[in-house]
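Presented below is the structure to which this report refers.
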Amino acid sequence: MIEFRILKQSKKSGARIGILKTTHGEIETPSLVPVATRAAIKTLTARETERTKSRILIANTFHLHLRPGEHIIKHAGGLHPFMRWNHPLMTDSGGFQVFSLGFGKDMGVGKLLKIFPEGNGGKNKETVRTHHQPKEMKIADEGVWFRSPIDGRKLFLGPKESIKIQESLGADIMFAFDECTPPLATRPYIERSLARTHAWAKICLDAQKTKQALFGIVQGSHFKDLREKSAKFIGGLGFPGFGIGGDLGSSKEDMLKILDWTMPHLAEEKPRHLLGIGYLQDMEAIIKTGIDLFDCTVPTHYARRGIAFTALGKLNLNRTFFLKDKKPLDKKCSCETCAEYTRDYICHLMRAGEITAMRLLTFHNLFYFNTFVEGIRDKIKRGKI
RNA sequence: GGAGCCGUAGAUCAAUUGGUUAGAUCGCAUCCCUGUCACGGAUGAGGUUGCGGGUUCGAGUCCCGUCGGCUCCG
């Protein structure tokens with residue numbers, strides 16, 4: 001069970017301040033949802049994650065099903081006690097892995113299409129047509145046959161299976177099983193996929209036995225009518241909240257357009273989660289469309305590549321330049337990393353391959369992102385956006 | 001004192017019987033990463049082949065000298 005209360009609706013935009021209540025406490029929205037795919041924010045403990053101002057995390061059904069298996073987590077009493085996290089949790093359905101381990105892997109693309117200049121090896125000419133299948137999986141109306149990336153054994157995941165697993169995991173919020181279509185798919189492929197995602201949404205609702213909140217996911221790629229169709233359909237099924245999935249086009253403008261097409265069809269009083277998006281420079285814009293929650297791997301993933309986010313932009317701590325830099329990562333940041341450590345040391349650790357570097361950067365980036373969202377909430381409260 | 005082996009990019013090593021512009025890996029530099037992939041991807045810089053001479057149309061490769069390192073024998 002969740003309860004969502006909107007405390008303030010902006011008069012200047014779709015932005016709003018809300019409180020999302022769950023049985024594991026409440027969070028203020030808009031909020032970033034850091035990604036704990038395998039029931040861990042990589043490099044940090046739950047206690048440490050809490051000190052980065054994070055109050056809700058998202059784990060992944062597909063990855064936890066593979067390892068350790070949902071029965072282990074159920075036996076431990078669910079994800080919350082298992083990972084020692086006493087705040088709200090979400091689980092992604094595994095639908096995204098249909099894409100990321102399927103066409104995404106085959107074609108070497110993300111869900112946001114990168115535009116290549118003309119003549120660049122015809123990279124953009126490749127398309128996914130109606131009856132195409134990814135190399136290592138089979139997508140059917142009932143669900144998806146995968147091969148385990150761990151040992152190669154055959155696995156099946158469909159809407160019923162996803163819900164059953166997510167119920168064993170016991171997060172406060174679950175997501176419906178969907179297909180994130182590849183950005184290079186043809187319209188007929190997307191239409192067919194959308195019908196499937198919609199059918200799966202209904203099956204998920206029917207399959208659910210627990211009181212966890214189940215969010216439906218809007219798809220529809222970059223087509224206006226398909227996005228509207230999906231938003232109306234998913235919006236009409238009685239879900240207590242919604243996810244918006246990508247392909248979200250090939251630019252920030254595309255993404256905002258897609259959100260604008262979608263949002264009017266989703267009940268205002270219900271929370272909206274933008275799946276997998278959250279560059280700092282996009283946050284304010286997506287929040288202004290009416291997004292309440294968004295998960296993103298960027299703060300944690302980039303940290304492990306040596307990137308720190310600061311008021312002056314991204315810093316690449318791999319660069320030898322920083323070996324003699326005695327400043328903290330960000331002079332105004334009040335996180336534990338910035339309070340105790342300076343760039344020279346973190347640069348050294350990064351270059352030496354010491355995992356402590358990733359830890360210090362992960363801590364900082366999460367704190368920085370959360371502080372950044374806090375700043376946007378503050379702007380909404382003061383009526384500035 | 002004598003004999004032998006070795007010397008190629010910052011490091012470790014490749015390079016047909018002498019034959020185009022001397023390669024690879026790591027490291028270095030710049031950039032990339034959006035419902036996760038820590039140690040990944042793209043691009044780039046870097047060489048008087050220890051030094052000097054010779055043979056040859058042509059030498060990292062063959063010859064002589066020299067310097068340095070290693071091994072063995074006295």
Side-chain angles (χ1 to χ4, degrees), chain A residues 32-44 56-64 66 90-101 104-105 108-114 116 120-121 123 149-150 162 166 171 173-181 183 197 215-219 242-252 254-255 272-283 285-286 291 293-307 309 313-323 349-362 365 369:
Chain A
L32 167 71
V33 184
V35 180
T37 300
R38 298 191 291 197
I41 292 293
K42 295 184 198 299
T43 76
L44 299 185
I56 177 167
L57 306 179
I58 183 165
N60 187 278
T61 298
F62 179 76
H63 290 278
L64 292 174
L66 290 181
M90 299 176 144
T91 43
D92 192 10
S93 63
F96 184 69
Q97 279 61 43
V98 177
F99 163 71
S100 66
L101 301 173
K105 193 176 161 195
V109 293
K111 61 182 186 172
L112 296 161
L113 185 59
K114 299 284 183 288
F116 295 104
N120 187 4
K123 277 189 181 177
I150 296 171
S162 175
Q166 293 190 73
I173 296 170
M174 314 188 280
F175 280 97
F177 190 68
D178 67 328
E179 183 190 359
C180 175
T181 53
T197 288
F215 283 19
I217 299 181
V218 176
Q219 286 287 343
F242 308 102
I244 297 163
D247 148 40
L248 296 167
S250 55
S251 67
K252 182 175 167 178
D254 284 358
M255 177 165 71
R272 302 141 172 182
H273 179 109
L274 182 57
L275 286 153
I277 292 292
Y279 283 156
L280 289 169
Q281 64 266 31
D282 296 343
M283 268 185 204
I286 64 177
I291 289 292
L293 296 157
F294 50 95
D295 64 285
C296 191
T297 63
V298 163
T300 47
H301 186 99
Y302 276 48
R304 296 192 306 279
R305 297 253 189 264
I307 306 292
F309 291 88
K314 285 187 281 187
L315 302 183
N316 183 351
L317 271 295
N318 292 296
R319 295 183 55 191
T320 47
F321 175 79
F322 292 113
L323 277 173
L349 293 181
M350 198 65 218
R351 296 172 66 84
E354 289 290 340
I355 51 178
T356 299
M358 298 179 181
R359 206 168 126 70
L360 295 173
L361 289 170
T362 298
N365 283 352
F369 270 56

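As the structure is a computational prediction, the values presented were derived from the model and not from experiment. Side-chain atoms are counted along with the backbone in the values below, which use heavy atoms only and exclude waters and symmetry mates. Numbers restart at 1 for each chain; the letters A, B, ... are given by sequence-line order, proteins then strands.
Nucleotides C5(B) and A45(B) have their C1' atoms positioned 35 Å apart, rounded to a whole Å. Taking atom P on both G2(B) and U17(B), the two are 34 Å apart, rounded to the nearest angstrom. Nucleotides G23(B) and U34(B) place their C1' atoms 38 Å apart, quoted to the nearest Å.
Here the C1' atom of nucleotide A38(B) and the CG atom of L361(A) are 12 Å apart, to the nearest Å. Spacing between atom CG of N318(A) and atom P of A42(B) amounts to 17 Å, rounded to whole angstrom units. N60(A) has its CG atom 13 Å from the C1' atom of C37(B), to the nearest Å. Between L113(A) atom CG and C33(B) atom C1' the separation is 15 Å, expressed in whole Å. In this structure, R304(A) places its CZ atom 8 Å from P of C39(B), rounding to the nearest Å. Distance L66(A) CG to C37(B) P: 11 Å, rounded to the nearest Å. Taking atom CZ of residue R351(A) and atom P of nucleotide U30(B), one finds them 9 Å apart after rounding to whole Å. For I307(A) and C39(B), the CD1 to C1' distance is 15 Å, given to the nearest whole Å.
Base contact: G278(A) has a heavy atom under 4.0 Å from a base atom. Counting non-hydrogen atoms under 4.0 angstrom, V298(A) reaches the backbone sugars and phosphates but no base. Residue D92(A) is classed as a base contact, given a heavy-atom separation below 4.0 Å to a base. Looking at heavy-atom distances under 4.0 Å, L248(A) makes no contact with the nucleic acid at all. Backbone-only engagement by H63(A) is indicated by non-hydrogen atom pairs under 4.0 Å involving sugar-phosphate atoms exclusively. Nucleic acid contact for I58(A): none, since no nucleic acid atom lies under 4.0 Å from a heavy atom of the residue. Counting any heavy atom pair closer than 4.0 Å across all strands shown, E179(A) reaches no nucleic acid atom. The residue T320(A) sits close only to the backbone: its heavy atoms come under 4.0 Å of sugar-phosphate atoms, none of a base. The residue G246(A) sits close to a base: some heavy atom pair falls under 4.0 Å.
Base pairing annotation: C39(B) forms no Watson-Crick or G-U wobble pair, as no partner gives both donor-acceptor distances under 3.5 Å. Pair assignment for C70(B) gives G4(B), based on Watson-Crick or G-U wobble hydrogen-bonding distances that are each under 3.5 Å.
Shortest non-hydrogen contact noted between S93(A) and D178(A) is OG-OD1, 3.8 Å. The two residues L44(A) and R359(A) have their closest heavy-atom pair at CD2-O, 3.9 Å.
The side chain of K111(A) sits closest to U34(B) out of U34(B), A38(B), U36(B).
Rounded to the nearest 0.5 Å, atoms CD1 (I56(A)) and CD1 (I173(A)) are 4.5 Å apart.
Look at Q97(A) and you'll find a side-chain N or O under 4.0 angstrom from OP1 or OP2 of U36(B). Of the side-chain N and O atoms in N316(A), none sit less than 4.0 angstrom from OP1 or OP2 of U30(B). In terms of phosphate contacts, R305(A) brings a side-chain nitrogen or oxygen within less than 4.0 Å of OP1 or OP2 of C39(B). Applying the 4.0 Å criterion to OP1 and OP2 of A38(B), one finds that Y302(A) has every side-chain N and O outside that range.
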Could you go through the side-chain contact (heavy atoms from CB on, under 4.5 Å) check for I217(A) and T197(A) one step at a time?
CA-CA 8 Å; I217(A) 299 181; T197(A) 288; 5.6 Å; no
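Within 6.0 Å of CZ in R304(A) there are more than 12 heavy atoms belonging to other residues, nucleotides or ligands. Residue L323(A) places its CG atom among more than 12 non-hydrogen atoms of other residues, nucleotides or ligands, all under 6.0 Å distant.
For the pair G276(A) and L101(A), nearest-nucleotide mapping onto RNA chain B gives the more 5' position to G276(A).
No N or O donor and acceptor, one from the side chain of R319(A) and one from the base of U30(B), sit under 3.5 Å apart.
Taking the six-membered ring where the residue is Trp, Y279(A) and Y302(A) present perpendicular rings, their angle passing 60° and hence far from 30°.
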